[in-house]
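Notes follow the structure.
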Amino acid sequence: MSRIQALRGTRDILPDEVSYWQQIETVARDIFSKAAYREIRTPIFEQTDLFERSIGEATDVVGKEMYTFKDRGDRSLTLRPENTAGVVRAFIEHHLQAQGTPQRLWYLGPMFRYERPQKGRQRQFHQLGVEVLGSADPRADAEVIAIASDLLQTLGLTDLRFAVNSIGNLDDRNQYREALVTYLTPYKPELDADSQDRLTRNPLRILDSKEARTQEILCDAPNLLQYLSPESKTRFDRVQQLLSDLGIAHTIDPRLVRGLDYYTHTVFEIQSDALGAQATVCAGGRYDGLVQELGGEATAAVGWASGLERLTLLLQTLQPLLPSALDFYLISKGDRAEAQSLQLAQQLRHLGFAVELDVSGSAFGKQFKRADRSGAIACLVVGETEADNQTAQLKWLKSGEQEAIAQTDLSDQAERLRQQIAAHRA
RNA sequence: GCGAGCGUAGCCAAGUGGUUAAGGCAGCGGAUUGUGGUUCCGCCACUCGGGGGUUCGAGUCCCCUCGUUCGCCCCA
């Protein structure tokens with residue numbers, strides 16, 4: 001088996017599936033532009049440092065999932081595992097704060113993580129995301145969540161769980177970390193191996209361990225929310241209130257901590273039960289320290305990212321097959337007729353119709369069969385007879401009704417045809 | 001990195017040690033040299049992911065390997 005095939009964790013998105021992607025992209029563009037978010041496109045690879053400093057050295061993403069390589073100039077580069085870091089880098093590099101804050105941005109593109117593929121997880125995957133840079137206002141937190149909600153709802157996705165939490169500011173977190181470590185240390189031998197390791201490396205991550213015994217121990221652990229400073233607490237209450245005012249049902253999940261180091265205050269996840277183990281379709285939070293961390297001015301920010309592969313999986317369960325958008329299928333036989341059918345195809349396309357031209361040259365019977373399978377509403381037939389008198393047979397494929405139409409009348413009849421096609425589609 | 005399942009045609013598949021590897025869908029050709037969605041006929045795997053082994057005999061059993069799926073970890 002030496003045939004070349006797509007690499008593990010990468011896949012081809014074939015035309016039947018692309019229509020779902022386009023549906024998401026169309027809806028997203030509309031929602032973003034109505035909320036004054038502008039698209040930003042950043043490079044697919046960056047200096048390795050950028051991700052190490054932003055995402056955090058101790059995280060799994062940086063520790064074991066990055067596609068990192070040396071280029072010919074011996075620089076260490078990394079294919080982006082996520083895009084917040086890149087957007088923040090661009091924000092700083094181009095002094096976007098000078099264009100006024102907040103900057104509301106969105107992006108869409110491929111990301112790369114070296115992991116074992118499984119349902120809803122690829123090595124090259126795609127994320128759609130938003131970032132609001134330069135606002136600490138709780139309304140910004142609520143706005144980005146509301147936009148995510150709009151997007152998912154417009155796509156027809158329901159049965160989603162919105163979980164939110166606050167991990168406070170840096171001081172809150174440090175104090176809580178200490179308390180958690182103090183509480184957990186006596187139980188260390190009973191924790192699962194990963195959690196034991198995290199106890200020193202990244203204790204907060206222990207909270208969302210799936211091990212039963214670890215979770216039992218955590219039942220009586222100190223609660224993160226009780227370690228929030230009064231300001232952080234007030235802030236979180238405000239975000240929750242704003243979400244409720246918007247009618248966005250959500251639950252507080254005190255165990256929700258995210259895997260990337262840069263988060264502060266609000267963190268949230270939107271999950272679905274229809275995806276198997278990879279339940280999260282959208283996740284994000286506030287990252288007030290990141291811009292400064294990467295060398296910019298202190299800038300509060302909040303954002304999220306959503307996995308396109310997971311969204312399309314959900315969409316496909318809702319709509320197993322998108323209907324054909326084809327209006328006409330053109331059939332012809334004989335030199336002159338074939339030449340005329342090409343002319344007619346172009347003419348109809350210029351009038352705004354979607355037209356497929358049969359170029360097989362096979363028998364009419366075969367061509368009709370293909371017309372039927374194409375999903376077109378009507379077919380236009382040009383044979384010897386029609387070629388002689390510059391007409392075509394217009395056949396409505398569903399009813400089988402057929403009428404003669406002069407080739408020169410097509411543009412005059414366009415409006416009528418449009419209406420009839422619309423009627424057949426409905 | 002770890003665990004489990006699965007690899008037979010473009011797709012879905014039967015086959016569970018014994019002569020020539022079912023069937024269905026799609027495709028192509030024909031019945032029907034100008035009318036489809038029904039029907040009928042024909043064509044479409046020197047070979048069962050690859051390699052090695054056991055056996056008189058292997059798609060079928062064993063080992064290795066590659067690929068893939070789902071799960072763990074982690075994440076969108």
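This one's a predicted model, so the numbers in the text were calculated from it and none came from an experiment. Below, chains carry the letters A, B, ... as their sequence lines are ordered, and counting in each starts from 1.
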Quiz item: Which part of the nucleic acid, if any, lies within reach of A:R370 when heavy atoms closer than 4.0 Å are counted: base, sugar-phosphate only, or nothing?
Solution: sugar-phosphate
Quiz item: Using the C1' atom in both, what is the distance from B:A76 to B:G15, to the nearest Å?
Solution: 42 Å
Exercise. Verify the contact: side-chain N or O of A:Q127 to OP1 or OP2 of B:A76, cut-off strictly under 4.0 Å; return yes or no.
Key: no
Quiz item: How far, in whole Å, is B:G52 from B:A58 if one measures between their C1' atoms?
Solution: 13 Å
Self-check item: Between A:T84 and A:E131: side-chain donor-acceptor atoms closer than 3.5 Å
Solution: yes
Quiz item: Does B:C70 pair with anything, Watson-Crick or G-U wobble, both distances under 3.5 Å, and if so, with which nucleotide?
Solution: B:G3
Exercise. With heavy atoms under 4.0 Å as the rule, sort A:A305 into base, sugar-phosphate or nothing.
Key: sugar-phosphate
Quiz prompt | Integer angstrom distance from the P of B:G59 to that of B:G18 | solution = 11 Å
Quiz item: Under 4.0 Å between a side-chain N or O of A:R8 and OP1 or OP2 of B:C66?
Solution: no
Practice problem: Rounded to the nearest angstrom, tell me the gap between atom CG in A:L380 and atom P in B:G36. | Solution: 17 Å
Quiz item: Among B:G29, B:A76, B:G71, which nucleotide sits nearest the side chain of A:Q118?
Solution: B:G71
Practice problem: Please determine, for B:C25, whether a Watson-Crick or G-U wobble partner exists with both distances under 3.5 Å, and give it or none. | Solution: B:G10
Quiz item: Taking atom types as modelled and ignoring hydrogens, do the side chains of A:D261 and A:T59 form a donor-acceptor contact shorter than 3.5 angstrom?
Solution: no
Quiz item: What is the nucleic acid contact for A:D372, judged by heavy atoms within less than 4.0 Å: base, sugar-phosphate only, or nothing?
Solution: base
Practice problem: Would you tell me whether A:Q346 and A:R349 have side-chain atoms, one donor and one acceptor, within less than 3.5 Å of each other? | Solution: yes
Quiz item: With respect to the side chain of A:D60, which nucleotide from B:C73, B:G30, B:G34 is positioned closest?
Solution: B:C73
Quiz item: Distance between the P atoms of B:U68 and B:C73, in whole angstroms?
Solution: 22 Å
Quiz item: On a whole-Å scale, what distance lies between the C1' atoms belonging to B:C66 and B:G51?
Solution: 10 Å
Practice problem: Using the C1' atom on both, measure B:C56 against B:G50 and round to a whole Å. | Solution: 26 Å
Quiz item: Just how far, in rounded Å, is C1' of B:C70 from NZ of A:K119?
Solution: 9 Å
Exercise. Looking at every strand, decide which applies to A:R116 at a 4.0 Å heavy-atom threshold: base, sugar-phosphate, or nothing.
Key: base
Quiz item: Which whole-number value in Å describes the distance from A:Q5 CD to B:G10 P?
Solution: 13 Å
Quiz item: What nucleic acid atoms does A:G284 come within less than 4.0 Å of, heavy atoms only: base, sugar-phosphate, or nothing?
Solution: nothing
Practice problem: Verify the stacking flag for A:F364 against B:U35: centroid separation must be under 5.5 angstrom and the ring planes must differ by under 30 degrees. | Solution: no
Quiz item: According to the Watson-Crick and G-U wobble definitions, with both distances under 3.5 Å, which nucleotide is paired to B:A45?
Solution: none
Quiz item: Which part of the nucleic acid does A:T385 contact within heavy-atom distance under 4.0 Å: base, sugar-phosphate only, or nothing?
Solution: base
Quiz prompt | Pairwise C1' distance for B:A22 and B:C44, with rounding to whole Å | solution = 16 Å
Quiz item: Do A:R258 and A:E269 sit within salt-bridge range, that is, some charged N less than 4.0 Å from a carboxylate O?
Solution: yes
Practice problem: By nearest nucleotide on RNA chain B, pick out whichever of A:W396 and A:A6 is the more 5' one. | Solution: A:W396
Quiz item: Aromatic ring centroids of A:F32 and A:W106 under 6.0 Å?
Solution: yes
Quiz item: Atom OH of A:Y114 and atom P of B:C2: how far apart are they, to the nearest Å?
Solution: 11 Å
Quiz item: Hey, are A:S54 and A:R89 close enough side-chain-wise for a donor-acceptor pair under 3.5 Å?
Solution: no
Quiz item: At under 4.0 Å between heavy atoms, what does A:R121 touch on the DNA or RNA strands: base, sugar-phosphate, or nothing?
Solution: base
Quiz item: Just wondering, do A:F125 and B:A76 stack (centres under 5.5 Å, planes under 30°)?
Solution: yes
Quiz item: Does A:G9 or A:E65 map to a spot on RNA chain B nearer the 5' end, using the closest nucleotide for each?
Solution: A:G9
Practice problem: Would you mind classifying the nucleic acid contact of A:E386 as base, sugar-phosphate or nothing, using non-hydrogen atoms under 4.0 angstrom? | Solution: base
Self-check item: Whole-Å distance separating the CD atom of A:Q122 from the P atom of B:U68
Solution: 10 Å
Quiz item: Does B:G37 have a Watson-Crick or wobble mate here (both distances under 3.5 Å), and if so which one?
Solution: none
Quiz item: With a 3.5 Å cut-off and just heavy-atom distances, do the side chain of A:Q402 and the base of B:U35 make a donor-acceptor pair?
Solution: yes
Quiz item: Atom CD of A:Q278 to atom P of B:A76: distance rounded to whole Å?
Solution: 11 Å
Quiz item: Syn versus anti for B:C6, judged by chi lying within 90° of 0?
Solution: anti
Quiz item: With a 4.0 Å cut-off on heavy atoms, is A:G129 in touch with a base, just the backbone sugar-phosphate, or nothing at all?
Solution: nothing
Practice problem: Salt-bridge test for A:D327 and A:R418: reply yes if a basic N is under 4.0 Å from a carboxylate O, no otherwise. | Solution: no
Quiz item: Using a distance-only test with no angle check, is there a side-chain donor-acceptor pair under 3.5 angstrom linking A:Y187 and A:E216?
Solution: no
Quiz item: Now, which nucleotide makes the Watson-Crick or G-U wobble pair with B:G57, with each of the two distances under 3.5 Å?
Solution: none
Quiz item: With distance as the sole criterion, do the side chain of A:K395 and the base of B:G36 form a donor-acceptor contact below 3.5 Å?
Solution: yes
Quiz item: Could a donor-acceptor pair under 3.5 angstrom be found where the side chain of A:S362 meets the base of B:G29?
Solution: no
Exercise. Remember a base hit wins even if backbone is also touched, and classify A:E82 as base, sugar-phosphate or nothing at under 4.0 Å, heavy atoms.
Key: nothing
Exercise. Scan A:L397 against the nucleic acid and name what it touches under 4.0 Å (heavy atoms): base, sugar-phosphate only, or nothing.
Key: base
Practice problem: Could you tell me the separation between the NZ atom of A:K369 and the P atom of B:A26, rounded to a whole number of Å? | Solution: 8 Å
Exercise. Could you tell me whether the side chains of A:D137 and A:S135 share a donor-acceptor contact shorter than 3.5 Å?
Key: no
Quiz item: Using the P atom in both, what is the distance from B:G57 to B:C64, to the nearest Å?
Solution: 23 Å
Quiz prompt | Separation of B:U35 P from A:Q367 CD (nearest whole Å) | solution = 12 Å
